[in-house]
There are 2 protein chains.
Amino acid sequence: MNDSLKPRYEARARILKAMAHPSRLLIIEELQKQERCVNELTEMIGSDMSTVSKHLSVLKNAGLVSDEKRANCIYYTLRCTCILDFIGCVEEVLSANAEEHNKILKSCKK
Amino acid sequence: MNDSLKPRYEARARILKAMAHPSRLLIIEELQKQERCVNELTEMIGSDMSTVSKHLSVLKNAGLVSDEKRANCIYYTLRCTCILDFIGCVEEVLSANAEEHNKILKSCKK
DNA sequence: TTCTTATTTGGCCATATAGCCAAATAGCGA
DNA sequence: TCGCTATTTGGCTATATGGCCAAATAAGAA
């Protein structure tokens, strides 16, 4: 791969990788609605708080969320809401896949 | 996490994970312009053909590309072009990150 | 200062992934 | 049939990731 393009694709891949986890997608979607602190998110996700904290740091390192300490909580916020538009596209892929799958199933029943 | 939501997030995460690799992003972008066969993509990416073939099967399993044998090549095509819109969003995140980074640098120089 | 609450970090293990090489497979033309 | 070209698969190793537990840290309240 062209040396000038490589860092560009690597940077994009890092962002996508940061999103590519069920718990982190839940976090992203939730933070789009409202800011949340770690223990609220932990409750929603239902895994260990240390695990959730690590997920949050992945999102933060990718620049997808930011955090702010207030009162006795650290509140996390979604930095870029256009991410949500993308989820719509992912859903399109998923339903296209489902349709494909159905087509195959039907052709097997014949 | 709610049992009814979990599979949904897992499905989305699988799609994102399939995209989250520099070579696969290059493939996606290239296929949006035109269909390509494995050896063309291999040349662009510059790694072993077996590696590229595996990347393509990742994309195919996620339903992002489809393949069609014609003449003596297997041509790969992008199935869902809305993916490209998303790349735009990723770029927004990246430039927001870069701006942030600059701000920090400037504040250090003071 | 000591306790408490909220969060992060380190350690460990199990699993997944990328990459290369070599070998297998598929289809075509001689 | 044999050999050629295009592609995939298997095997291997190195590295990264997710998850939990336990311990560390931070900041406020008693």
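Chain A is the first sequence line, chain B the second, and so forth, proteins listed ahead of strands; every chain is numbered from 1. What's counted below: heavy atoms across the whole structure, side chains too, no hydrogens, waters or symmetry copies.
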Residue list, side chain to side chain donor-acceptor pair (under 3.5 Å) with A/Ser95, at least two apart or on another chain: none
Quick one: salt bridge (charged side-chain N to carboxylate O under 4.0 Å, His left out) pairs with a partner in residues 18-31 of chain A, sequence neighbours left out? A/Glu29-B/Arg12, A/Glu30-A/Lys33, A/Glu30-A/Arg36
Which value, rounded to the nearest 0.5 Å, describes the distance between A/Glu99 atom CD and A/Leu94 atom CG? 12.5 Å
Min side-chain heavy-atom separation A/Val65-A/Leu31 under 4.5 Å: yes
Residue met sooner reading DNA chain D from 5', once A/Ala20 and B/Lys60 are mapped to nucleotides: B/Lys60
Interatomic distance, B/Leu25 atom CG to B/Leu59 atom CG [nearest 0.5 angstrom]: 9.0 Å
For A/Leu59 and C/dT7, what is the distance between atoms CG and C1' respectively, to the nearest whole Å? 16 Å
Salt bridge (charged side-chain N to carboxylate O under 4.0 Å, His left out) between A/Arg70 and A/Glu35: does it pass, once the steps are laid out? CA-CA 12 Å; A/Arg70 237 173 35 240; A/Glu35 58 175 20; 2.5 Å; yes
Apply side chain to side chain contact (heavy atoms under 4.5 Å, CB included) to B/Cys73 and list each qualifying residue two or more places apart in sequence or on a separate chain. B/Cys37, B/Tyr75
Heavy-atom pair with the smallest gap, counting every atom of A/Ile45 and A/Ser23: CG2-OG, 3.7 Å
Residue set satisfying side chain to side chain contact (heavy atoms under 4.5 Å, CB included) with A/Glu43, at least two apart, ordered chain then number -> none
Presence of A/His21 side-chain N/O under 4.0 Å of C/dA16 phosphate oxygens OP1/OP2: no
The correct set of residues in residues 34-54 of chain B placing a heavy atom under 4.0 Å from DNA chain C is B/Ser47, B/Asp48, B/Ser50, B/Thr51, B/Lys54
For DNA chain C, determine which residues of residues 24-33 of chain A have any heavy atom closer than 4.0 angstrom to one of its atoms, and list them numerically. none
Let me test you: for the helix from C/dT1-D/dA30 to C/dA30-D/dT1, what is the angle between the axes at its two ends (five pairs each), rounded to 10 degrees? 0°
Can you pull out every ring-ring contact (aromatic ring centres under 6.0 Å, His included) where at least one residue sits in residues 7-33 of chain B? Sequence neighbours excluded, please. B/His21-B/His55
Results of side chain to side chain donor-acceptor pair (under 3.5 Å) for B/Asn61 - residues two or more places apart only: none
The side chain to side chain contact (heavy atoms under 4.5 Å, CB included) partners of A/Ile74 (sequence neighbours excluded) come to A/Asp67, A/Lys69, A/Tyr76
A/Leu26 side, atom CG; B/Lys6 side, atom NZ - distance, nearest 0.5 Å: 11.5 Å
Reported CD-to-OG1 distance for the pair A/Gln34 and A/Thr77, which is rounded to 0.5 angstrom: 11.5 Å
Please list, by residue number, the residues of residues 64-80 of chain A whose heavy atoms come closer than 4.0 Å to an atom of DNA chain C; answer none if no residue qualifies. A/Asn72, A/Cys73, A/Ile74, A/Tyr76
Begin with the C-alpha distance, continue with both residues' side-chain angles, and end with the deciding distance and a verdict on side chain to side chain contact (heavy atoms under 4.5 Å, CB included) for B/Arg79 and A/Asn97. CA-CA 10 Å; B/Arg79 283 187 66 210; A/Asn97 289 351; 3.1 Å; yes
Should B/His55 be listed as having a side-chain N or O under 4.0 Å from OP1 or OP2 of C/dG19? yes
Does B/Ser53 reach the main-chain N or O of B/Met49 with its side chain, forming a donor-acceptor pair under 3.5 Å? no
Could you list where the contact with chain A starts and ends along DNA chain D, reading 5' to 3', using a 4.0 Å heavy-atom cut-off? D/dA16 to D/dA27
Applying a 4.0 Å non-hydrogen cut-off, can you work out what A/Lys17 is touching in the nucleic acid: base, sugar-phosphate, or nothing? sugar-phosphate
Between C1' on C/dA18 and CE on A/Met1, what's the gap in Å once rounded to a whole number? 13 Å
